[in-house]
Amino acid sequence: MPHDTPLISTIVGGLVLAFIFGAFAHRLRMPPLVGYLIAGVLVGPHTPGYVADQNLAPELAEIGVILLMFGVGLHFSLKDLLSVRGIAVPGAIVQIAFATLLGWGLGAFMGWPTGGSLVFGLALSVASTVVLLKALQERRLVETERGRIAVGWLIVEDLAMVLALVLIPAAASIGGEGHAPVEPLSAGLNRLFGLDLGIGGMIAMTLVKVALFVALMLVFGRKLIPWTMHRIAHTGSRELFRLGVLAIALGVAFGAAKLFGVSLALGAFFAGMVLAESELSHRAAQESLPLRDAFAVLFFVSVGMLFDPNILIDRPLPILATIFIIVIGKSVAALLIVLAFKKPLGTALTISASLGQIGEFSFILAALGVELGLLPEEGRDLILAGAIISIILNPLLFFLCERMRPLLDGAKREDVVADPAPDADAIAAQEEMPPEDDEVHPTALSGHAILVGYGRVGSIVGQNLKSSATPFLVIEDSDKRIGELKAQGIETLAGNAVMRETLDLANLSGARSIAIAIPNAFEACRIAEQARSVNPSILIVARAHSDAEVDELTHYGADTVIMGEREIALGMVDRLAQVHHESVPYEDRHGPDTIMPTDDPPPERE
């Protein structure tokens with residue numbers, strides 16, 4: 001076996017250092033991705049010691065982007081995408097134009113050519129899909145209205161950047177500032193028929209190819225991909241199913257890029273979106289999750305490898321200006337745009353925080369600009385520095401937005417109270433305004449039960465609590481489930497129970513019990529720990545999938561932990577004993593008012 005193995009050394013070096021520094025960052029209460037970026041800087045060419053392969057690392061990171069976008073597509077149906085088009089399309093276009101204008105102004109101030117300044121502005125206008133999804137997933141916002149708008153916004157930005165990647169070489173060639181190969185189909189028509197389509201023709205060809213890809217996925221893909229996965233699932237082989245998921249995600253993404261000129265990320269997104277209509281979508285998401293997380297880590301490592309720390313000392317003022325455009329300029333623009341569409345303040349703050357960073361498309365645009373001779377290398381270094389610093393600052397931006405929202409809400413309420421005599425038109429306008437989609441208020445219940453999660457397990461618990469007239473409330477973060485609960489007259493808190501503020505709103509100190517019905521054991525442990533510290537006498541009931549999870553939950557304060565597999569086994573043993581050992585007749589332990597799940601329920605999206 002050869003000793004020179006750059007692929008293995010790059011994967012091992014990147015993951016090991018990312019784990020070490022990610023753990024340190026978590027220990028310091030910082031996002032682990034900060035540690036991943038530092039690991040990338042350490043294995044990059046600008047620091048002493050081991051240097052990873054700079055050609056392999058970005059390709060490995062691209063796999064992470066593909067799998068991540070595939071996972072998003074699994075939870076983002078076409079209906080969801082169309083539901084946010086009214087704000088995502090115009091909002092993204094206006095925000096891109098505003099940020100590009102700011103970047104162009106900074107580039108012109110530093111004496112760059114017009115083409116380079118525009119490339120610089122475009123690179124600052126598009127947010128990182130990886131960073132956005134990580135932030136939304138950590139806060140469990142992907143399936144909320146805010147999450148759908150943010151993801152839809154990013155999809156529109158990706159489509160705009162696909163078009164920009166075609167226009168920039170053409171503009172450089174026509175403007176005399178550089179030379180680059182033109183769009184392949186246009187070049188073929190030029191060779192065969194002597195037809196020069198120009199920039200307009202290239203734009204039209206690009207739009208036609210993207211539209212053709214989308215049409216094929218919606219017409220044929222939405223039938224072929226789910227049918228293929230169902231056939232694989234019927235083989236009973238988990239190995240083949242996992243391989244089929246990866247083959248579809250990577251194959252569709254690669255084919256979309258090669259045949260239609262669509263970005264790899266966008267191709268993977270549509271592959272996941274058409275598979276989302278299948279009942280196997282939840283299982284597909286679970287199978288791709290480990291590789292998705294691992295390669296997403298390599299993405300951050302590859303970004304860190306490109307960063308030269310010396311620029312922080314050599315060019316501090318341009319870096320500060322770049323960060324101001326990314327973190328402040330884009331965020332404020334997005335906030336105003338969303339509010340202009342009369343969306344709730346919480347939605348506006350989430351979108352503004354989501355877009356206050358840049359990522360993968362920015363690096364692609366920077367590399368293309370340098371290659372064409374449009375963008376000076378200083379511009380690429382500023383983009384990289386702005387990306388890394390904005391990614392590090394993004395969690396802080398989310399935190400500030402979450403803290404600002406109650407203050408702004410309070411100011412709005414004071415304005416309403418201060419108005420002594422509102423006229424009839426103002427009252428009617430206020431009544432017609434849509435309420436905050438996720439506004440929460442403290443509960444008035446006491447001596448009640450708290451139910452965390454309303455999936456297949458939580459819904460059964462909740463319906464039985466309701467039928468027995470037990471006072472209870474539900475903590476849920478899925479907009480769809482929240483709407484269903486409110487329609488049933490069940491008191492619901494919209495939020496994540498891991499957050500102490502949410503538990504305080506549920507009057508945890510005055511509750512008699514809490515049932516943690518979510519499947520995530522890590523979050524369940526944190527909830528149990530906080531519940532026990534706030535209310536030592538509260539009854540804590542949780543669910544688990546393994547003996548190790550049972551031990552962990554018990555350690556963190558749970559009184560009763562129910563493992564589904566064990567309960568199923570005990571039920572089977574009890575039924576078999578009636579036949580083989582003439583035990584007592586089998587009795588249905590579920591009362592007449594118990595709500596049982598329907599036959600073959602769909603996989604739980606939790």
Q: Do H46 and M305 have side chains that approach each other closer than 4.5 Å (heavy atoms only, starting at C-beta)?
A: no

Q: With heavy-atom distances below 4.5 Å as the criterion, would you say the side chains of S390 and I358 are in contact?
A: yes

Q: Give a yes or no answer on whether the side chain of D381 reaches the backbone of I311 with a donor-acceptor pair at less than 3.5 Å.
A: no

Q: Can a donor-acceptor pair be found, under 3.5 Å and without considering hydrogens, that links the side chain of K330 to the backbone of Q357?
A: yes

Q: Taking S125 for the side chain and L122 for the main chain, is one N or O donor matched with an acceptor at less than 3.5 Å?
A: yes

Q: Would you compute the distance between atom CG of L335 and atom CD1 of I351 and round it to the nearest 0.5 angstrom?
A: 10.5 Å

Q: Could you check if a side-chain atom of V252 sits within less than 4.5 angstrom of a side-chain atom of M217, using non-hydrogen atoms only?
A: yes

Q: Any side-chain heavy atom of Y50 sitting closer than 4.5 Å to one from S9?
A: yes

Q: For V156 versus A92, what's the shortest heavy-atom pair and its separation?
A: CG1-CB, 3.6 Å

Q: With no hydrogens and no angle check, is any side-chain donor or acceptor of T322 less than 3.5 Å from a backbone partner on L382?
A: no

Q: When you compare the side chain of P113 with that of L374, does any pair of heavy atoms fall below 4.5 Å?
A: no

Q: Any chance CZ of F254 has more than 12 other-residue heavy atoms, nucleotides or ligands included, within less than 6.0 Å?
A: no

Q: Mind running side chain to side chain contact (heavy atoms under 4.5 Å, CB included) on L132 and L355 for me, showing each step along the way?
A: CA-CA 8 Å; L132 169 68; L355 301 176; 5.7 Å; no

Q: Using 30° and 60° as the class limits, which term best fits the ring planes of F260 and F213: parallel, tilted or perpendicular?
A: tilted

Q: For W104 and F120, I'd like to know if the aromatic rings sit close, meaning centre-to-centre distance below 6.0 Å.
A: no

Q: Is any side-chain heavy atom of L312 closer than 4.5 Å to one of I389?
A: yes

Q: With a 4.5 Å heavy-atom cut-off, do S354 and W153 have their side chains touching?
A: no

Q: Would you mind reporting whether L102 and L124 have side-chain heavy atoms less than 4.5 Å apart?
A: no

